[in-house]
Amino acid sequence: DPRVRYHDLEACNAYDAGARLASVRVPTLIVAGRDDALATVDAAEELRAAIPGARATVLDPAGHFAACEQAEAFAAAVEEFLAALPEVA
């Protein structure tokens, strides 16, 4: 039913967690697809800037399903991010 998709997109557009992003205190990696029209690279950069210490990477070429479209590049980005984290005792 197309109404389900419409209301899902409507809910996504209305959701705004921006005020809480500065309180995120865990290591954060933001992955964006260069060609993503829903969650744009600009939006990913805004998230990165709002979350203290966050890192971002852009997969190219990739769209909204960047992790599937560029699975090896996605895995490499996550591995690099995790390898840079300090060890926890």
Side-chain angles (χ1 to χ4, degrees):
D1 185 338
R3 293 174 293 182
V4 173
R5 180 175 293 217
Y6 172 81
H7 290 295
D8 182 45
L9 292 173
E10 195 174 59
C12 288
N13 286 336
Y15 181 76
D16 182 9
R20 297 184 300 189
L21 294 176
S23 67
V24 173
R25 296 289 182 253
V26 295
T28 303
L29 174 65
I30 298 154
V31 180
R34 171 86 53 210
D35 304 317
D36 191 339
L38 295 175
T40 65
V41 171
D42 288 343
E45 176 53 28
E46 289 176 16
L47 283 174
R48 190 214 51 80
I51 299 171
R55 292 182 51 204
T57 190
V58 177
L59 302 182
D60 188 20
H64 192 63
F65 299 101
C68 295
E69 296 169 38
Q70 294 290 336
E72 288 182 20
F74 176 80
V78 171
E79 287 175 2
E80 180 182 323
F81 175 75
L82 294 174
L85 294 176
E87 288 192 32
V88 178

Measuring from Asp36:CG to Phe65:CZ, what's the distance to the nearest 0.5 Å? 8.5 Å
Name all pairs fulfilling the salt bridge (Lys or Arg N to Asp or Glu O under 4.0 Å) condition that reach into residues 70-86, sequence neighbours left out, sorted by first residue then second. Arg55-Glu80
Tell me, please, which residues at least two apart from Asp1 pass side chain to side chain contact (heavy atoms under 4.5 Å, CB included). Arg3, Val4
Listing, residues 37-47 side-chain donor-acceptor contacts under 3.5 Å, not counting sequence neighbours, or none:
| unit_1 | atom_1 | unit_2 | atom_2 | d |
| --- | --- | --- | --- | --- |
| Thr40 | OG1 | Ala43 | N | 3.1 |
| Glu45 | OE1 | Arg48 | NE | 3.1 |
| Glu45 | OE2 | Arg48 | NE | 3.2 |
| Glu45 | OE2 | Arg48 | NH2 | 2.6 |

Side chain to side chain donor-acceptor pair (under 3.5 Å) against Arg20, all qualifying residues, sequence neighbours excluded: Tyr15
Heavy atoms of Leu85 and Pro27 approach each other most closely as CD2-CB, 3.4 Å
Looking at residues at least two apart in the chain, or sitting in another chain, which of them share a side chain to side chain contact (heavy atoms under 4.5 Å, CB included) with Ala62? Leu59, Ala66, Glu69, Gln70
Partner set under side chain to side chain contact (heavy atoms under 4.5 Å, CB included) for Pro52, not counting sequence neighbours: Arg25
Distance (rounded to the nearest 0.5 Å) between Asp60 CG and Thr57 OG1: 10.5 Å
Sequence neighbours left out, what passes salt bridge (Lys or Arg N to Asp or Glu O under 4.0 Å) with Asp35? Give chain and number order. none
What closest approach, in Å, do Ile30 and Ala54 show between heavy atoms, and which atom pair accounts for it? CD1-CB, 4.2 Å
